[in-house]
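Proteins get letters first, then strands, A, B, ... in listed order; numbering begins at 1 in each.
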Number of protein chains: 2
Amino acid sequence: MLSQKSRYAIRALQHLADRYGQGVVPLAEIVAAQNIPAKFLTVILSELGREGLVRSQRGRVGGYALIPAPTEVRIGDVIRLMRGSIALVPCASRDPHEHCEHCLPEAECRLRALMLRVRDETARILDAVTLADGNLALVADKP
Amino acid sequence: MLSQKSRYAIRALQHLADRYGQGVVPLAEIVAAQNIPAKFLTVILSELGREGLVRSQRGRVGGYALIPAPTEVRIGDVIRLMRGSIALVPCASRDPHEHCEHCLPEAECRLRALMLRVRDETARILDAVTLADGNLALVADKP
DNA sequence: TTAATTCCTATCGTATCGATAGGCAATAAA
DNA sequence: TTTATTGCCTATCGATACGATAGGAATTAA
């Protein structure tokens with residue numbers, strides 16, 4: 001499962017992508033439009049700021065803005081950022097990963113072999129979609 | 001992420017599938033071969049028994065055995081059994097599902113649209129592999 | 001009877017998760 | 001310069017889920 005935090009992050013970034021190039025968007029607007037708890041969202045946006053995805057402006061007309069062009073931010077990247085990995089099990093990450101506890105040697109684990117395939121398919125989908133894609137269901141699905 | 005419990009369940013079932021038709025397999029054998037905490041495994045196998053996947057025999061030469069033929073048990077089914085769903089977000093399940101908290105109406109949620117596609121691809125892979133498949137990585141991958 | 005084995009329920013410690021509190025810092029407008 | 005507005009940071013909280021174990025009852029073959 002994706003954490004609630006990851007989902008909020010993606011939806012907030014989608015909102016900022018829709019306003020890309022229009023200056024900063026106040027927190028309250030995102031909160032109202034996306035139905036996300038305000039305080040929690042500040043934590044999430046600060047984190048995204050530290051990762052370089054979002055810039056912020058304080059004060060009277062403050063708010064947040066997406067830094068990269070929406071076409072440059074893949075949903076897969078956002079999930080990796082928030083969750084660390086796209087894989088369903090620790091040992092099935094393509095990045096340097098922890099071993100699963102109480103498992104067999106990775107080379108012998110049938111479950112791992114399967115989960116690697118799931119990971120690759122998932123990554124293929126999530127890395128083909130960016131924040132610029134409005135209706136994500138309609139994006140071309142070409143391997 | 002798959003829970004540890006789900007992973008143990010799959011690996012235990014794979015082990016029983018390998019011994020299919022050879023009578024019951026004692027817990028200790030599964031524990032030794034699969035490196036799973038014994039007490040925890042009894043809980044898992046009891047649950048799988050209640051779901052009709054496993055039968056058990058008590059007493060001196062007791063143990064567990066898979067009930068359906070290994071070819072009839074899809075990994076996707078096992079995961080649905082243990083975790084309730086294959087989807088990465090609650091609202092992206094194809095079965096009757098809960099709504100996500102603090103979200104938009106489902107029809108408007110771009111994230112949901114994407115996650116439905118991920119779910120379908122994942123299900124396609126996991127439902128094409130059964131407990132009978134030895135090296136899961138080599139199963140044909142034909143849409 | 002005895003040893004081996006599974007079954008059931010309760011419980012435990014920990015980690016994570018979602019969320020909020022509360023105060024500090026910055027900024028623009030009055 | 002004052003003030004209202006807005007974001008920033010750290011700590012913390014309550015709830016829940018998770019992984020695992022304890023302890024004993026029930027079953028069965030030797």
Do [X] and [Y] come close enough that some side-chain heavy atom pair is under 4.5 Å?
X: B:Arg119; Y: B:Ser85; value: no
X: B:Leu41; Y: B:Gln34; value: no
X: B:Ile125; Y: A:Glu121; value: yes

Would you jot down, in residue-number order, the residues of residues 22-36 of chain A having a non-hydrogen atom under 4.0 Å from DNA chain C? none
Let's see if you get this right: which residues in residues 76-93 of chain A place a heavy atom under 4.0 Å from DNA chain C? none
Counterpart residues, side chain to side chain contact (heavy atoms under 4.5 Å, CB included), relative to A:Arg74 (two or more places apart): A:Asp77, A:Asp127, A:Thr130
B/S/- along nucleotides 22-30 of chain C (protein heavy atoms under 4.0 Å) is BB-BBBSS-
Does [X] put a side-chain nitrogen or oxygen below 4.0 Å from OP1 or OP2 of [N]?
X: A:Ser46; N: D:dC8; result: yes
X: A:Tyr8; N: C:dC17; result: no
X: B:Ser3; N: D:dA17; result: no

Can you tell me how far [atom2] of [N] sits from [atom1] of [X], to the nearest Å?
X: A:Phe40; N: C:dC17; atom1: CZ; atom2: P; answer: 10 Å
X: B:Glu47; N: D:dG19; atom1: CD; atom2: C1'; answer: 13 Å
X: B:Lys5; N: D:dA17; atom1: NZ; atom2: C1'; answer: 11 Å
X: A:Leu2; N: C:dC17; atom1: CG; atom2: C1'; answer: 14 Å
X: A:Leu41; N: C:dT20; atom1: CG; atom2: P; answer: 12 Å
X: B:Met1; N: C:dA15; atom1: CE; atom2: P; answer: 18 Å
X: A:Ile44; N: D:dC9; atom1: CD1; atom2: P; answer: 15 Å

Quick check: does any side chain N or O of [X] sit under 3.5 Å from a backbone N or O of [Y], one acting as donor and the other as acceptor?
X: A:Arg83; Y: A:Met1; result: yes
X: B:Asn35; Y: A:Leu104; result: no
X: B:Ser6; Y: B:Leu2; result: no
X: A:Thr42; Y: A:Lys39; result: yes
X: A:Arg55; Y: A:Leu66; result: no

Any side-chain donor-acceptor pair under 3.5 Å between B:Glu29 and B:His15? yes
Any pair with a residue in residues 16-54 of chain B that passes ring-ring contact (aromatic ring centres under 6.0 Å, His included), sequence neighbours left out, goes on the list, sorted by first then second residue, please. B:Tyr8-B:Phe40
Set of residues satisfying salt bridge (Lys or Arg N to Asp or Glu O under 4.0 Å) with respect to A:Glu47, sequence neighbours excluded: A:Lys5
Against the side chain of B:His102, the closest entry in D:dT21, C:dA19, D:dC8 is C:dA19
From D:dT21, D:dG19, D:dC8, pick the nucleotide closest to the side chain of B:Val43? D:dT21
Identify whether any heavy atom of B:Gly63 sits under 4.0 Å from a base atom; if not, whether one sits that close to sugar-phosphate; answer base, sugar-phosphate or nothing. sugar-phosphate
Between B:Arg50 and A:Gln4, which residue's closest nucleotide on DNA chain C lies nearer the 5′ terminus? B:Arg50
